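Please read the structure below before turning to the comments.
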Amino acid sequence: MLEIHDLLKHYQDGDGEPIRAVDGVSLSVAAGEFFALYGPSGSGKSTLIELIAGFQTPDSGKVVVDGRDVATLSEKQHGDYLLRVLGIIGQPKDLMPGASARTNAALKLVRDHPRHAPRLIEPLLRELGLGDRMTHPTNKLSTGERQRVLIAQALAMKPKLVLADEPTGNLDTRRGRQVLELLRDLCRKRGTAVLLVTHDPQAAGFADRVRELRDGRLREYNPDAVYPHAREVLTEP
């Protein structure tokens, strides 16, 4: 579903020195697979997400999603890609605070179904445990509930690929575990590929596969080296 081939994106700092944000990255994520990319701040994760989303163009290499090279898409094709093929789970601050959970979650459906979008999103909200909260303004929801609204928004159009950028960054361990379990189970059932980008080794532990991104380069991930007790925390009752 996602194929990245020798991807390269370099910048220059204020002194003209090169910053190797993404430096020869190659990886693949299959349909239904939950893949985690672990890395500290400044490792190149944000640049990689922007390249996959088509918000930046690589210096060289390719991002291929569902058989199409993202960098070659026209403006219209890129709009359709963001609407129908790719789901991006953002941050709670991206939600409209005065609008209901249902209205926020249904945003991607409005173009195709302007009158029926709120009704069409309701089954997914119920599946995410928000059946009795969907009419509440998002500023009245808990942080974990707002994160589930963002998941519903990303999955509304049944995308082929979901990018989850630090989806548990504002959650405690228990709520983070609940959100990741919901995301993983929903996407497996739908056959949706997920790329989780995180600096949290506990979150990475939910994935089918994990690689580490450091200084723009991929390397093998060793959870015991970055957080010796990650496995114990993940298996707490």
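This structure is a prediction, so every number in the text was calculated from the model and none was measured. Note: hydrogens, waters and symmetry copies are ignored here, and every other heavy atom, side chains too, is used.
The two residues Ala105 and Ala156 make their nearest non-hydrogen contact at O-CB, 3.9 Å. When every heavy atom of Pro118 is checked against every heavy atom of Glu122, the shortest pair comes out as O-CG, 3.3 Å. In this structure, Ala106 and Ala117 approach most closely via the heavy-atom pair CB-O, 3.7 Å. The nearest pair of heavy atoms linking Val149 to Leu141 is CG2-CD1, 3.9 Å. The two residues Arg148 and Leu182 make their nearest non-hydrogen contact at CD-CD1, 3.4 Å.
With sequence neighbours left out, Arg146 forms a salt bridge (charged side-chain N to carboxylate O under 4.0 Å, His left out) with no residue at all. Legend: residues meeting salt bridge (charged side-chain N to carboxylate O under 4.0 Å, His left out) with Asp15, ordered by chain and number and at least two apart, are absent. With sequence neighbours left out, the salt bridge (charged side-chain N to carboxylate O under 4.0 Å, His left out) criterion links Asp215 to no other residue. With sequence neighbours excluded, the residues that form a salt bridge (charged side-chain N to carboxylate O under 4.0 Å, His left out) with Lys9 are Asp59. For Asp132, there are no side-chain hydrogen bond (donor to acceptor under 3.5 Å, both in side chains) partners at least two apart in sequence or on another chain.
The main-chain N or O of Ala53 is found under 3.5 Å from a side-chain atom of His78 such that the two form a donor-acceptor pair. Listed for the Gln77 side chain is a donor-acceptor partner under 3.5 Å among the backbone atoms of Ser74.
To the nearest 0.5 Å, the span separating CD on Gln178 from CG on Asp172 amounts to 8.5 Å. How far CZ of Arg126 is from CD1 of Ile121: 11.0 Å, rounded to the nearest 0.5 Å. To the nearest 0.5 angstrom, Ile151 atom CD1 is 5.0 Å from Leu183 atom CG. Once rounded to the nearest 0.5 Å, the distance linking CD of Glu3 with OG of Ser28 reads 4.5 Å. Rounded to the nearest 0.5 Å, atoms CG (Leu124) and CE (Met134) are 9.5 Å apart. How far CG of Asp6 is from OG of Ser60: 7.5 Å, rounded to the nearest 0.5 Å.
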Between Leu82 and Phe55, is a side-chain contact (heavy atoms from CB on, under 4.5 Å) present by the stated rule, with each step listed? CA-CA 10 Å; Leu82 293 175; Phe55 298 141; 3.8 Å; yes
Might you work through the side-chain contact (heavy atoms from CB on, under 4.5 Å) test for Arg214 and Arg219, ending with a clear yes or no? CA-CA 8 Å; Arg214 189 173 292 272; Arg219 66 185 197 181; 2.8 Å; yes
Would you check, one step at a time, whether the test side-chain contact (heavy atoms from CB on, under 4.5 Å) holds for Leu163 with Ile52? CA-CA 9 Å; Leu163 300 179; Ile52 296 170; 3.9 Å; yes
Evaluate the criterion side-chain contact (heavy atoms from CB on, under 4.5 Å) for residue pair Leu171 and Gln147; output intermediate values, then yes/no. CA-CA 9 Å; Leu171 303 177; Gln147 197 64 55; 4.3 Å; yes
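Linking ILVMFWY side-chain heavy atoms closer than 4.5 Å, directly or via other members, places Tyr81 and Leu109 in two distinct hydrophobic clusters. Cluster annotation: Met157 is not connected to Leu161 through the hydrophobic network of ILVMFWY side chains, with a link wherever side-chain heavy atoms come within less than 4.5 Å. Placement of Phe35 and Val162 in two distinct hydrophobic clusters is found when ILVMFWY residues are connected by side-chain heavy-atom separations under 4.5 Å, directly or transitively. Met1 and Val210 end up in different hydrophobic clusters when Ile, Leu, Val, Met, Phe, Trp and Tyr side chains are linked at under 4.5 Å. Hydrophobic clustering of Ile, Leu, Val, Met, Phe, Trp and Tyr side chains at less than 4.5 Å, counting indirect connections, unites Val179 with Phe206.
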Going by atom type alone, with no hydrogens or angles, which donor-acceptor pairs under 3.5 Å involve a side-chain atom of residues 87-94 and a protein atom two or more places apart or on another chain?
residue: Gln91; atom: NE2; partner: Asp165; partner atom: O; Å: 2.7
residue: Asp94; atom: OD2; partner: Gln91; partner atom: N; Å: 2.9

Can you give me every donor-acceptor pair (side chain of residues 186-198, partner residue at least two apart or in another chain, under 3.5 Å) with its distance?
residue: Arg188; atom: NH2; partner: Asp208; partner atom: OD1; Å: 2.5
residue: Lys189; atom: NZ; partner: Glu127; partner atom: OE2; Å: 2.3
residue: Arg190; atom: NH1; partner: Leu155; partner atom: O; Å: 3.0
residue: Thr192; atom: OG1; partner: Pro159; partner atom: O; Å: 3.4
residue: Thr198; atom: OG1; partner: Glu166; partner atom: OE1; Å: 3.3
residue: Thr198; atom: OG1; partner: Asp200; partner atom: N; Å: 2.9

Below 3.5 Å, can you tabulate the donor-acceptor pairs from side chains in residues 62-70 to any protein atom, sequence neighbours excluded?
residue: Asp66; atom: OD2; partner: Lys160; partner atom: NZ; Å: 3.1
residue: Asp69; atom: OD1; partner: Ala71; partner atom: N; Å: 3.1

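A salt bridge does not link Arg177 to Glu181: none of the charged side-chain nitrogens sits closer than 4.0 Å to a carboxylate oxygen.
Applying the 4.5 Å side-chain rule to ILVMFWY residues, one finds that Leu8 remains a lone member of its cluster. Connectivity analysis of hydrophobic side chains (ILVMFWY, heavy atoms under 4.5 Å, direct or indirect) links Tyr11 to Ile19.
At least one side-chain heavy atom of Arg133 sits under 4.5 Å from a side-chain heavy atom of His136. At least one side-chain heavy atom of Met96 sits under 4.5 Å from a side-chain heavy atom of Asn104. Looking at Leu27 and Leu7, their side chains never come closer than 4.5 Å, going by heavy atoms from C-beta outward. Side-chain contact between Pro40 and His199 is absent, with no heavy atoms from C-beta onward closer than 4.5 Å. When side chains are defined from C-beta on, Gln202 counts as touching Thr173, because their heavy atoms get closer than 4.5 Å. The shortest distance between side-chain heavy atoms of Leu51 and Pro58 falls below 4.5 Å.
Listed by first and then second residue, the side-chain hydrogen bond (donor to acceptor under 3.5 Å, both in side chains) pairs involving residues 41-51 are Glu50-Gln56 (not counting sequence neighbours). Residues in residues 79-89 take part in these salt bridge (charged side-chain N to carboxylate O under 4.0 Å, His left out) pairs, two or more places apart or across chains: Lys76-Asp80, Asp80-Arg111, Arg84-Asp112.
Using a 30° and 60° split on the angle between ring planes, Tyr38 and Tyr221 fall in the tilted class, from 30° to 60°.
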